[in-house]
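These notes are about the structure you will find just below.
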Amino acid sequence: MSGKGGGFMVTLSKDIIEITREQDVVTLRNRVKELAVKIGMSLLGQTKLITAASELVRNMLRYAGGGKVTLEVVLRDKVTGVQLTFADEGPGIADIRLAMQDGYSTGKSLGLGLPGTKRLVNEFSIQSEVGKGTTITVIRWKNGL
Amino acid sequence: MGSFLLVTIQVDLYDRLALNLETDLIRMVSETDARGVLIDISAVGLVDSFMGRILNNIATMSRIMDAETVVVGMQPAVAITLVELGLTLAGVHTALNVERGMELLHKRLGSDVREGGRFYGNSE
Ligand SMILES: Nc1ncnc2c1ncn2[C@@H]1O[C@H](COP(=O)(O)OP(=O)(O)O)[C@@H](O)[C@H]1O
Ligand SMILES: [Mg+2]
């Protein structure tokens, strides 16, 4: 897999979890925590990553009725990290810029999930197409701020 | 004379259980005429925007019923993460532990409060 910044990225482990119901949120959180602990991430780093994962998986369930999360331990420039990819085949997001704003919600909730998640991880990318679905990828590096 | 409720959340809650907590607690505040609600989240490893909203709702509803809400024992990592997420617990007081939370309630409500009941939010 190719990466940003000139270096290349290697996947050390890969696992996929299907998200179809509310209980899967807890399963996902636990799996993310396991990986973060395994690579030696700090407690604060773990907490930020699990919270980000929790927000994204909730969105997936709520707005797209479920999807798939790919969990990977990745290595780039001798640094390990946890990469999570949330892919759904839901309605997609028409205006990503709007959705990324604090307080914007079509679900009458707080509208902090997407912008907050971006602040909690080291790398964040989002792709979405109306009628096709949404894919969001995040990475938290072992020693990320 | 008022009383207070102590709620201990022991594990990370499923959504439905979190929603149950909200309705059960609001019912208990009205049934027991509680003047204060202490929610101990020291065993909780994450508070996301969903859980944060529930805490805010509990505080808002309690206030309508003339009770104050104190969230106690939030882990430092959870507190820092909440700030970065952008969530403010509006109208929710926070305290280091249950004892401090009680002191806070006594200060805010006068000394005529007593423990009215314990309620454990458990998910398994
Ligand atoms: N997976 C998704 N599929 C479709 N729409 C989404 C998805 N995730 C987020 N959205 C849209 O982006 C908006 C903002 O999401 P978020 O920041 O998590 O706030 P909230 O969930 O509180 O609305 C949502 O209200 C929804 O319209
Ligand atoms: Mg959301």
Side-chain angles (χ1 to χ4, degrees), chain A residues 19-34 36-37 41-63 66 99-105 107-122 124 138 140 144-145, chain B residues 9-24 39-61 63 69 71-92 94 96 120-124:
Chain A
I19 305 295
T20 56
R21 39 184 206 140
E22 202 185 89
Q23 284 92 321
D24 298 333
V25 172
V26 178
T27 309
L28 178 75
R29 283 179 193 159
N30 293 339
R31 293 290 293 119
V32 172
K33 169 122 188 162
E34 271 169 42
V37 168
M41 202 181 279
S42 70
L43 179 62
L44 181 56
Q46 290 170 34
T47 307
K48 288 182 181 184
L49 183 65
I50 301 162
T51 306
S54 187
E55 293 290 342
L56 295 178
V57 75
R58 268 185 207 300
N59 280 354
M60 174 179 260
L61 268 173
R62 182 156 176 208
Y63 303 112
M100 289 302 298
Q101 283 176 16
D102 279 315
Y104 176 81
S105 173
K108 292 193 180 139
S109 41
L110 297 174
L112 293 174
L114 292 178
T117 292
K118 192 174 179 197
R119 290 187 286 266
L120 292 173
V121 297
N122 301 126
F124 180 98
V138 301
R140 246 203 101 80
L145 292 176
Chain B
I9 299 179
Q10 272 146 342
V11 254
D12 295 333
L13 295 171
Y14 289 133
D15 295 9
R16 193 154 309 127
L17 287 157
L19 289 171
N20 288 348
L21 172 70
E22 183 181 335
T23 41
D24 288 355
I39 305 176
D40 182 357
I41 62 163
S42 55
V44 172
L46 91 139
V47 175
D48 61 10
S49 66
F50 178 84
M51 194 59 203
R53 192 156 75 114
I54 284 179
L55 294 174
N56 277 339
N57 288 350
I58 290 171
T60 306
M61 291 303 294
R63 177 154 296 181
T69 303
V71 168
V72 301
M74 188 186 291
Q75 293 171 19
V78 173
I80 294 168
T81 300
L82 261 186
V83 171
E84 215 148 297
L85 187 63
L87 199 112
T88 36
L89 295 180
V92 181
T94 53
L96 221 52
Y120 293 92
N122 208 337
S123 93
E124 261 125 356

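Throughout, a chain's letter reflects where its sequence line sits, starting with A, and its residues are numbered from 1. Given the structure is predicted, the values throughout are model-derived calculations rather than measurements. Quick note: numbers below take in every heavy atom, side chains included, and nothing from hydrogens, waters or symmetry partners.
- Interatomic distance, OG1 of A:Thr51 versus CD of B:Glu84, reported as 10.0 Å (0.5 Å rounding).
- Across B:Leu87, B:Thr81, B:Asn56, B:Val47, the residue that shares the most heavy-atom pairs under 4.5 angstrom with chain A is B:Thr81.
- Taken to the nearest 0.5 Å, the CD1 atom of B:Ile80 stands 5.0 Å off from the CG atom of A:Leu44.
- Residue B:Ser49 holds its OG atom at 10.0 Å from CG of A:Leu114, rounded to the nearest 0.5 Å.
- The backbone N or O of B:Asp48 lies less than 3.5 Å from no partner atom in the side chain of A:Glu55, so there is not a single donor-acceptor pair.
- Here B:Leu46 contributes atom CG and A:Lys48 contributes atom NZ; the two are 14.0 Å apart, rounded to the nearest 0.5 Å.
- Listed here is the closest heavy atom pair of A:Thr47 and B:Ala77: OG1-CB, 3.6 Å.
- Proximity to chain B is limited to the backbone of A:Thr117, based on heavy atoms less than 4.5 angstrom apart.
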